[in-house]
Peer 1: 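Below you will find the structure I want to go over with you.
So that the names make sense, note that chain A is the first sequence line, chain B the second, and so on, each numbered from 1. What you are looking at is a predicted structure, and each value in this text was computed from that prediction instead of being measured.
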Protein chains: 2
Amino acid sequence: MPSTARTTDGGVTVVRGEEEVFRRTAHLFADATSITCAANTLSSWGWTNGPRVIADGSPHDRRVPPRRRDARIRKVYRSGMLLDPSWPQRMATVLEHPGAEVRISTDEVNETIILDGRLAILAGDQRSGERSYSLITRRETVHGISALFEAAWRSATDLDVYDAGAAEIRRLAPQVLDLLGRGVKDEAAARELGLGVRTYRRRVAELMAALGADSRFQAGVRARELGLV
Amino acid sequence: MPSTARTTDGGVTVVRGEEEVFRRTAHLFADATSITCAANTLSSWGWTNGPRVIADGSPHDRRVPPRRRDARIRKVYRSGMLLDPSWPQRMATVLEHPGAEVRISTDEVNETIILDGRLAILAGDQRSGERSYSLITRRETVHGISALFEAAWRSATDLDVYDAGAAEIRRLAPQVLDLLGRGVKDEAAARELGLGVRTYRRRVAELMAALGADSRFQAGVRARELGLV
DNA sequence: CCAGCCGTGGCAACAACCTGCCGACGCCGC
DNA sequence: GCGGCGTCGGCAGGTTGTTGCCACGGCTGG
């Protein structure tokens with residue numbers, strides 16, 4: 001068995017590493033008329049959004065797969081991602097495409113790509129370095145996954161709407177996260193930022209909302225997951 | 001320039017990826033009489049503690065470098081690591097060596113290895129996948145690093161001492177972390193575990209102590225760093 | 001059996017955190 | 001200017017988290 005393909009049966013192929021996913025599916029992106037995509041972190045599906053940044057000298061340079069200009073592209077991102085400093089740049093790349101729609105979800109989304117309702121790619125867990133991915137072509141399964149995606153899509157809010165309210169928090173997020181991460185008490189943290197305690201807490205609350213967290217502990221976990229601390 | 005070595009000047013070599021560190025230094029472990037090591041996570045310096053577990057089929061199998069049996073081995077670990085389920089197994093491997101001493105630090109420690117006071121290996125940040133490492137041979141620098149390590153060593157507590165108090169919390173840690181990570185309130189969490197609220201909070205406090213965290217947010221970050229959630 | 005030890009969990013006091021409310025201030029657009 | 005709008009931050013009242021204290025019960029070695 002080659003080391004890249006792990007399992008194949010009933011229209012489901014499990015592979016390890018996103019490079020392998022890229023190799024196997026890049027050609028399908030070319031004439032897909034509908035691409036839907038859900039991601040929890042900025043680095044997910046990196047190769048779908050432009051040339052991947054690789055340490056110099058690496059032989060793994062890849063480019064975004066070609067796409068029909070009339071393709072309908074829909075993406076759902078987890079809200080916390082807006083807090084990442086490189087988010088605006090990323091969005092610029094995504095929105096280059098004419099028909100791209102982006103929505104933001106407060107809940108966690110399973111990392112997914114669906115092409116034309118015919119192929120679904122599900123990200124699995126990360127073991128021994130490389131993440132596993134399921135490539136699914138079985139029609140019934142793909143339909144089921146599409147339905148789940150549609151539900152997530154409906155419950156997510158449009159980027160423009162969401163973005164409007166999140167400008168201020170984004171400016172302060174790095175500092176607030178730093179202070180929280182250092183275990184600084186609200187009192188001191190507010191002073192350090194030259195804010196009132198009330199406002200500082202407001203910022204923290206907004207942050208938690210953006211991270212979809214119910215408690216500060218959870219916020220810590222999420223922030224770390226997203227690499228914000 | 002080969003893609004592995006990044007910088008070389010004044011007795012400092014910066015390389016990327018622990019495999020490269022292994023290749024360059026494995027022979028030095030063989031006749032070192034003093035090995036000191038500080039680690040923040042269980043996966044750090046994985047190759048120094050036995051064959052690395054790699055996905056089947058990978059060509060990267062490596063073995064622990066041979067060592068003199070009379071070598072003095074000292075290791076400092078961050079306390080949170082004891083919470084990892086695979087900690088006991090890992091310790092077994094480490095303690096196989098006759099003169100191994102292990103201490104636990106509450107504070108964060110910079111990941112470091114020092115061989116015989118002649119070579120220091122410092123882990124750097126993680127960029128584009130592979131972590132960077134500095135291999136330092138310049139005598140003055142290594143001495144300075146040794147001094148820092150000695151300070152950390154003195155302030156750390158012996159494993160046996162530390163371990164004695166941490167038996168109970170280790171049993172519950174996974175469940176408590178899960179509850180905290182789900183944002184469950186203490187009240188409900190205690191009920192779910194069949195504990196009094198007071199005791200649950202005690203567990204959380206112990207957990208935070210083990211993680212060296214001052215706030216729950218910080219604990220969340222640390223827990224995530226250590227891959228406990 | 002008893003004394004000592006330890007984990008438990010209720011109570012309480014306090015610190016920290018969360019939020020609704022509202023007045024103050026600055027910034028427009030009219 | 002002036003009314004609307006939005007942000008700020010104090011205050012208050014509530015919830016949640018943190019800790020010391022102590023009584024209770026189980027266990028153990030004498």
Side-chain angles (χ1 to χ4, degrees), chain A residues 79-80 82-83 106 160-173 175-223 229, chain B residues 79-80 82-83 106 160-224 229:
Chain A
S79 58
L82 301 238
L83 301 177
T106 306
D160 296 336
V161 178
Y162 192 94
D163 209 33
E168 182 61 11
I169 174 61
R170 216 154 54 232
R171 196 177 58 79
L172 275 178
Q175 304 166 60
V176 174
L177 284 164
D178 175 59
L179 289 160
L180 285 172
R182 279 165 30 211
V184 179
K185 302 271 177 266
D186 290 12
E187 197 81 23
R191 239 177 304 131
E192 190 158 331
L193 292 179
L195 293 178
V197 181
R198 180 69 186 86
T199 309
Y200 176 75
R201 295 214 233 265
R202 226 193 293 270
R203 295 285 164 270
V204 176
E206 288 159 359
L207 203 63
M208 284 172 45
L211 292 168
D214 294 329
S215 68
R216 290 199 183 192
F217 181 93
Q218 217 178 5
V221 174
R222 298 273 168 87
V229 283
Chain B
S79 58
L82 301 238
L83 300 178
T106 305
D160 296 336
V161 178
Y162 192 94
D163 210 34
E168 182 61 12
I169 174 61
R170 235 185 359 258
R171 194 176 60 80
L172 276 177
Q175 303 167 61
V176 175
L177 284 165
D178 175 59
L179 290 161
L180 285 172
R182 279 165 31 211
V184 179
K185 304 269 176 267
D186 291 12
E187 199 80 25
R191 240 176 303 131
E192 187 157 333
L193 292 179
L195 292 178
V197 181
R198 181 70 187 84
T199 309
Y200 175 75
R201 295 214 232 262
R202 226 193 292 272
R203 296 287 163 270
V204 176
E206 287 159 0
L207 203 64
M208 284 173 43
L211 292 168
D214 295 329
S215 70
R216 291 198 182 191
F217 181 93
Q218 216 177 6
V221 174
R222 299 272 167 89
R224 177 66 200 182
V229 283

Peer 1: With a 3.5 Å cut-off and heavy atoms only, can you find an N or O donor on one side and an acceptor on the other between the side chain of B:Arg198 and the base of D:dG20?
Peer 2: yes

Peer 1: Is a side-chain donor or acceptor of B:Arg222 paired with a backbone partner of B:Gly212 at a separation under 3.5 angstrom?
Peer 2: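 Present.
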
Peer 1: Specify the separation, in whole Å, of atom CG of A:Leu172 and atom C1' of D:dT7.
Peer 2: 12 Å

Peer 1: Rounded at 0.5 Å granularity, tell me how far CG in A:Leu83 sits from CD in A:Glu206.
Peer 2: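 Going from CG on A:Leu83 over to CD on A:Glu206, the span is 10.5 Å.
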
Peer 1: Given C:dC17, D:dT19, C:dT19, identify the nucleotide with an atom nearest to the side chain of B:Ala205.
Peer 2: D:dT19

Peer 1: In whole Å, I'd like the distance from the CG atom of A:Leu180 to the P atom of D:dG17.
Peer 2: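 Nearest whole value for this atom pair: 15 Å.
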
Peer 1: Rounded to the Å, how far apart are B:Asp214 CG and C:dC17 C1'?
Peer 2: 16 Å

Peer 1: Got a donor-acceptor pair under 3.5 Å from the side chain of B:Arg202 to the base of C:dG7?
Peer 2: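 When only heavy-atom distances are counted, B:Arg202 does not reach the base of C:dG7 through any donor-acceptor pair under 3.5 Å.
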
Peer 1: Starting at atom CG of B:Leu179, determine the distance to atom P of D:dT16, rounded to an integer number of angstrom.
Peer 2: 16 Å

Peer 1: Return the nearest nucleotide to the side chain of A:Arg203; candidates are D:dT7, D:dG17, D:dG9.
Peer 2: D:dT7

Peer 1: What does B:Arg216 touch in the nucleic acid at a heavy-atom separation under 4.0 angstrom: a base, only the sugar-phosphate, or nothing?
Peer 2: sugar-phosphate

Peer 1: Hey, what do you get for CG (B:Leu179) to CZ (B:Arg203), rounding to the nearest 0.5 Å?
Peer 2: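 So the CG of B:Leu179 and the CZ of B:Arg203 are separated by 13.5 Å.
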
Peer 1: Rounding to an integer number of Å, can you tell me how far A:Arg201 CZ sits from D:dC8 C1'?
Peer 2: 15 Å

Peer 1: What distance separates B:Asp214 CG from A:Lys185 NZ, expressed to the nearest 0.5 Å?
Peer 2: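 Answer for the CG-NZ pair, B:Asp214 versus A:Lys185, is 6.0 Å.
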
Peer 1: When the distance from NZ of A:Lys185 to P of C:dC17 is rounded to whole Å, what number comes out?
Peer 2: 6 Å

Peer 1: Nearest whole Å is fine: how far is C:dC11 P from B:Glu187 CD?
Peer 2: 12 Å

Peer 1: Between atom OH in A:Tyr200 and atom C1' in D:dG10, what is the gap in whole Å?
Peer 2: 18 Å

Peer 1: Could you measure the distance from the OG1 atom of B:Thr199 to the CG atom of B:Leu172? Nearest 0.5 Å is fine.
Peer 2: 10.0 Å

Peer 1: Does a side-chain N or O of B:Thr199 approach OP1 or OP2 of C:dT8 to a distance below 4.0 Å, or not?
Peer 2: no

Peer 1: Kindly point out which of C:dC18, C:dT8, C:dC17 is positioned nearest to the side chain of A:Asp186?
Peer 2: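 The closest nucleotide is C:dC17.
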
